[in-house]
Undergrad: 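Have a look at this one before I ask anything.
One-based numbering, in listed order, for ligands and for the atoms of each.
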Amino acid sequence: MKAVQYRRVGHAPEVVEVPVPEPAPGQVLLKVSAAGLCHSDLAVMGWPAEQFPYPLPLTLGHEGVGTVAAVGTGVTAVAEGEAVALYGPWGCGRCHPCAEGRENCCPHAAALGVMPPGLGSAGALAEYVLVDSPRHLVPLNGLDPVLAAPLTDAGLTPYHAIRRSLPKLLPGSTAVVIGVGGLGHLAVQLLRVLSPARVVALDTSEEKLELAGKVGAHETLLSDGGAAARIRRLTGGTGAEVVLDFVGAEATLAVAAASVAVAVAGDVTVVGLGGGTLAVGFGGGLPFEVSACFPYWGSRTELMEVLDLARQGLVSCHVETFTLEQAPEAYERLHAGDIGGRAVVLPHG
Ligand code: NAD
Ligand code: ZN
C-alpha cells in the first residue's frame, strides 16, 4: 500500500510503498477514507534529530476516518465494513483517566511506549492504518468521512479547550480566538454553538479573517501589535473573559496576556505549539486571578460529542481535498499558510 512517511529528520515527507499491516489479536485494520493534515505534523517535522522522540520512518496522519477492513482475534466490538472515526490520543486503557475516556491524560502511555497514530505509531496517511483497540473507534453513524476526519483533532482539541471555560462564557462575555486555521475556524463555530459569548477572531491573513466571519465570528481583527488595545476597546476596557491562542508564538501570547480580563478571573488557553512561553506569577505579565492552561487533544466522549454536533449540522469543517500522492505538496501549502480550513487526503481517491 501507499503511505506518506517522514523518513529523515529535516527532509520533506515522501510517498512510499509499504506492506499492508495485519491486525494482531485485539487490533483492528482500517481502510482509510480520509485523513487530515495538522500543523502539529509540521512542528514534528521541524524538531532537531537529537530531540526527535519517535522511531523513523514514521507514517504521518493523526486525524483519520475509515471503514473496518479486518479485525484481530478476540475483537467483537466492531464489524467489518463499519464506518468509524479514529480517536488518536491512545492511553493504557486501564487507569482512572482512561476509564473516564480521558486517554489524552493517561499518565502511563509514555512509559508503556503507547503512542498515537501518526505521532509515534504508524498513522492514517496511508491506504490502511492499524488501530491498537476497538476502544479507539467511534461510529460515524452517517457522517461524511471527509468532513469528519478533521473533527478527530481540529474539532476535538478546541472543543476540549473551550469546555473548561464555559462557566465564564456568559451572556455579555467575549471570547477571543487567535489563529483561524484548521483548529481556529472550528473553535469559532464551537464557541457560537456552546455559548452566547461574543467571538472575536484574530489572524494575520485577510482570507482567514474572511473565513472566520463566514463561520460566525462577530468581530475579526488583524493580529498585530495593536490587537490587544482593540480588544480592550471592544470590551469597554475590561478585556476578554477567555482567550484561546491557536498559534502560541511569543507575539500572540503577548496579545493574549494583554487582552484577557482581570475582573472575572479570565482564562488564557494556549493550544498552538508556536514555541512561545507565558510567564505565570506576580510580575509575570498576566493580570491577577487569570488562569493559564495548555490543553492536549481531548477525551473519547468529547469526540463523540463533537461528532454529534456535526451530525446536527451545527459545526462543519471547511476542507480542501488531496490525493495521497499530493500530500507532500499539501504540507508545503499548509506551511505557507495557504490552506483555508483543513487539508484532507483521500487515500483511495
Ligand atoms: P493552521 O496552520 O491550520 O492554522 C494556523 C493559523 O494561525 C493560520 O490561519 C495562520 O494564518 C494563523 N497565524 C499564524 N501566525 C499568526 C499570528 N501571529 N497571529 C494570528 N494568527 C496567526 O494550524 P492548525 O492545524 O489549526 O494548528 C494550530 C496550532 O495548534 C498548531 O500550533 C498546532 O500544532 C496546534 N495543535 C495543538 C494541539 C493540542 O493538543 N494542543 C492539537 C492540534 C494542534
Ligand atoms: Zn493535530
Side-chain angles (χ1 to χ4, degrees), residues 35-47 60-64 86-89 102-105 116-120 123-125 149-162 164 176-188 190 200-212 215 217 220-228 230-231 243-256 259 269-276 293-299 302-303 317-320 330-344:
L37 304 194
C38 180
H39 207 110
S40 299
D41 299 331
L42 298 177
V44 166
M45 291 189 273
W47 289 336
L60 296 163
H62 56 269
E63 287 185 343
L86 176 53
Y87 173 77
R102 297 188 301 116
E103 297 200 31
N104 55 319
C105 297
L119 296 167
L125 275 176
L151 298 179
T152 60
D153 177 24
L156 174 58
T157 300
Y159 182 76
H160 174 66
I162 290 165
R164 80 189 255 298
V176 172
V177 172
I178 305 179
V180 196
L183 274 70
H185 91 292
L186 285 162
V188 168
L190 289 162
V200 180
L202 270 66
D203 206 293
T204 45
S205 140
E206 292 285 2
E207 289 89 50
K208 307 293 172 78
L209 289 178
E210 201 177 306
L211 175 61
V215 297
T220 57
L221 300 178
L222 264 183
S223 178
D224 57 20
R230 289 198 292 277
I231 294 165
V243 182
L244 297 144
D245 185 351
F246 293 97
V247 179
E250 290 296 343
T252 56
L253 291 171
V255 170
S259 58
T269 303
V270 184
V271 178
L273 313 181
C293 175
F294 52 110
Y296 170 61
W297 222 327
S299 74
E302 285 170 334
L303 176 57
C317 191
H318 282 237
V319 300
E320 185 176 346
Y331 272 123
E332 274 178 35
R333 287 204 24 219
L334 181 65
H335 187 255
D338 186 26
I339 298 285
R342 205 54 150 181
V344 175

Undergrad: How far is atom 34 (O) of ligand 1 from its nearest protein heavy atom, and which residue and atom name does that atom have?
TA: Ser40 OG, 2.8 Å
Undergrad: Pick one of side chain, backbone, both or neither for how Ile178 approaches ligand 1, counting any non-hydrogen atom pair under 4.0 Å.
TA: side chain
Undergrad: Among all protein heavy atoms in this structure, tell me which lies nearest to atom 3 (O) of ligand 1, with the distance rounded to 0.1 Å.
TA: Gly182 N, 2.9 Å
Undergrad: I need the atoms of ligand 1 closer than 4.0 Å to a non-hydrogen atom of Asp153, numbered in the order shown.
TA: 42 (C), 43 (C)
Undergrad: If you count the non-hydrogen atoms of other residues, nucleotides and ligands that lie under 6.0 Å from CD in Glu210, is the total more than 12?
TA: no
Undergrad: Mark yes when over 12 heavy atoms from residues, nucleotides or ligands other than Tyr296 sit less than 6.0 Å from its OH; otherwise mark no.
TA: yes
Undergrad: What I want to know is whether Tyr296 and ligand 1 share at least one N or O pair that is separated by under 3.5 angstrom.
TA: no
Undergrad: Can you report which non-hydrogen protein atom sits closest to atom 27 (O) of ligand 1, along with the distance?
TA: His39 CB, 3.5 Å
Undergrad: I need the protein N, O or S atoms closer than 2.8 Å to the Zn ion (ligand 2), given as residue plus atom name.
TA: Cys38 SG, His62 NE2, Asp153 OD2
Undergrad: Among protein heavy atoms, which sits nearest to atom 37 (C) of ligand 1, and what does the distance come to when rounded to 0.1 Å?
TA: Val271 O, 3.0 Å
Undergrad: Is the contact between Pro295 and ligand 1 made by the side chain, the backbone, both, or neither, using heavy atoms and a 4.0 Å cut-off?
TA: backbone
Undergrad: What protein heavy atom sits nearest atom 9 (O) of ligand 1, and how far away is it?
TA: Asp203 OD2, 2.8 Å
Undergrad: Among all protein heavy atoms, pick out the one at the shortest distance from atom 7 (O) of ligand 1; state its residue, atom name and that distance to 0.1 Å.
TA: Gly179 CA, 3.5 Å
Undergrad: Compare Thr252, Leu222, Leu119, Leu186 and give the one whose heavy atom is closest to atom 18 (N) of ligand 1.
TA: Thr252
Undergrad: NE2 of His335: more than 12 outside heavy atoms within 6.0 angstrom?
TA: no
Undergrad: Against heavy atoms of Thr157, which atoms of ligand 1 measure under 4.0 Å?
TA: 38 (C), 39 (C), 40 (O), 42 (C)
Undergrad: So which heavy atom in the protein is nearest atom 6 (C) of ligand 1, and how far is it from that ligand atom?
TA: Gly181 N, 3.7 Å
Undergrad: Near Ser223, which atoms of ligand 1 are under 4.0 Å from a heavy atom of that residue?
TA: 17 (C), 19 (N), 20 (C)
